[in-house]
Engineer: 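Let me give you the structure first, and then I'll get to my questions.
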Amino acid sequence: PDSAEEVKGQQVQRNLVLQEVPCPLSQILQGARERATEMVDNLQRFTATEAIEHTQYKKNGQARKPTTQLFNYLAEIDQGPSGAFWVEEYRTAKTDIDSPPLSDTGTAAFALIFHPQKIGNFDFQCEGLTTIQGNPAWQLRFQESSDLSKSFHQIRIDRAVFQLRFKGRAWVTKDTFQVLRLQTD
């Protein structure tokens, strides 16, 4: 059975992952590749409301109270003649909170990890079948390769830019291979 926990006054469902169901990983990745290609072809520009949660940590590793900020978000995705992607993002704060010194770039690009030109830079493992947003979905764990020349994402701290290696989970619908959710570390 599903369990729920309270997070910031909202109910968040934690779904059971069925590990005994055979997972067709190559079929899932092929379907997700096709959906990512369609996204680039069909979704050149999109808007959303973005919620970013920032948590600072004390020197002893203890988390301070997190803050959440809402943004009006616009992203443009373009693919150049060389095949390289260009992602431009624009954010306007909807809430009146001081912006922290840490901000990321390329949030819209996360869905591109499944694109044929990027998927080979990641290792994927299937953790099993679950339900998310009322849909049966495969829960995948991914990790970026250690080759810094293929860095997928960067982060800015004040004016310095750092190349990141990231990992996370993706939930991909069982039948249509749509990426429903991405969580990254």
Side-chain angles (χ1 to χ4, degrees), residues 1-43 46-55 57 61-63 65-71 73 75 77 85 87 89 104 106-147 150-153 155 164-185:
D2 293 345
S3 62
E5 65 182 65
E6 190 75 19
V7 177
K8 291 190 178 182
Q10 300 175 3
Q11 285 288 350
V12 175
Q13 288 296 120
R14 300 288 181 201
N15 293 330
L16 178 66
V17 177
L18 303 174
Q19 297 173 341
E20 65 276 0
V21 177
C23 181
L25 184 59
S26 61
Q27 182 182 1
I28 296 166
L29 295 178
Q30 177 60 38
R33 271 194 293 270
E34 291 171 8
R35 298 298 84 74
T37 300
E38 290 171 1
M39 182 187 76
V40 171
D41 292 344
N42 299 329
L43 196 61
F46 66 92
T47 61
T49 297
E50 179 181 43
I52 297 178
E53 181 179 290
H54 293 277
T55 304
Y57 291 87
Q62 207 173 29
K65 184 180 177 187
T67 60
T68 300
Q69 191 167 11
L70 295 177
F71 294 89
Y73 178 82
I77 300 173
F85 292 104
V87 178
E89 298 175 307
D104 76 341
T107 302
F110 284 139
L112 296 175
I113 68 169
F114 291 100
H115 193 275
Q117 291 184 348
K118 301 294 181 186
I119 199 167
N121 297 343
F122 294 86
D123 295 319
F124 291 89
Q125 295 176 351
C126 186
E127 294 182 326
L129 186 64
T130 189
T131 302
I132 186 166
Q133 299 172 358
N135 299 298
W138 297 107
Q139 182 172 302
L140 305 180
R141 183 96 174 124
F142 61 88
Q143 183 167 340
E144 192 170 3
S145 73
S146 58
D147 184 353
K150 297 179 180 179
S151 181
F152 183 80
H153 196 62
I155 193 165
L164 300 178
R165 314 293 340 131
F166 74 98
K167 60 185 177 178
R169 284 194 172 92
W171 288 265
V172 179
T173 56
K174 181 180 178 192
D175 297 326
T176 62
F177 308 109
Q178 295 287 341
V179 176
L180 291 176
R181 181 177 180 188
L182 281 168
Q183 174 186 28
T184 62
D185 298 334

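Quick note: numbers below take in every heavy atom, side chains included, and nothing from hydrogens, waters or symmetry partners.
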Engineer: Any chance CD of Q30 has more than 12 other-residue heavy atoms, nucleotides or ligands included, within less than 6.0 Å?
Structural biologist: yes
Engineer: Is there a side chain to side chain contact (heavy atoms under 4.5 Å, CB included) between H115 and T37 once you walk through the steps?
Structural biologist: CA-CA 6 Å; H115 193 275; T37 300; 4.0 Å; yes
Engineer: Checking the side chain of T173 only, and the main-chain atoms of Q178 only, is there a donor and an acceptor separated by less than 3.5 Å?
Structural biologist: yes
Engineer: Within the 4.5 Å heavy-atom criterion, are K174 and L129 side-chain neighbours or not?
Structural biologist: yes
Engineer: Considering all heavy atoms of both residues, which atom of P24 and which atom of P22 are nearest to each other, and what is their separation?
Structural biologist: CD-O, 3.5 Å
Engineer: Atom OG of S146 and atom CG of D123: how far apart are they, to the nearest 0.5 Å?
Structural biologist: 9.0 Å
Engineer: For the residue pair F142 and F124, categorise the inter-ring angle as parallel (less than 30°), tilted (30 to 60°) or perpendicular (more than 60°).
Structural biologist: tilted
Engineer: Hey, does the side chain of R35 reach the backbone of F114 with a donor-acceptor pair shorter than 3.5 angstrom?
Structural biologist: no
Engineer: Going by ring pair (Phe, Tyr, Trp, His ring centres under 6.0 Å), name the residues that satisfy it together with F177, two or more places apart in sequence or in a different chain.
Structural biologist: none
Engineer: Taking all non-hydrogen atoms of both residues, which atom of E127 and which atom of R141 are closest, and how far apart?
Structural biologist: OE2-CD, 3.4 Å
Engineer: Determine whether I113 and L182 make a side-chain contact, defined as any pair of heavy atoms from C-beta on separated by less than 4.5 Å.
Structural biologist: yes
Engineer: So do the side chains of L112 and M39 get within less than 4.5 Å of each other, counting heavy atoms only?
Structural biologist: yes
Engineer: Between atom CZ of R33 and atom CD of Q117, what is the distance when rounded to the nearest 0.5 Å?
Structural biologist: 12.5 Å
Engineer: Looking only at non-hydrogen atoms, find the nearest pair between G128 and V17 and report the distance.
Structural biologist: CA-CG1, 3.6 Å
Engineer: Would you say L140 and F122 make side-chain contact, with heavy atoms under 4.5 Å?
Structural biologist: no
Engineer: Under the side chain to side chain donor-acceptor pair (under 3.5 Å) rule, collect the residues that match up with Q27, sequence neighbours excluded.
Structural biologist: none
Engineer: Can you establish whether the number of heavy atoms outside E34 located under 6.0 Å from its atom CD is more than 12?
Structural biologist: yes
Engineer: For the residue pair L29 and W138, establish whether any side-chain heavy-atom pair is separated by less than 4.5 Å.
Structural biologist: no
Engineer: Any donor-acceptor pair under 3.5 Å linking the side chain of T130 with the backbone of L16?
Structural biologist: yes
Engineer: Enter the distance from E144:CD to R165:CZ here, rounded to the nearest 0.5 Å.
Structural biologist: 3.5 Å
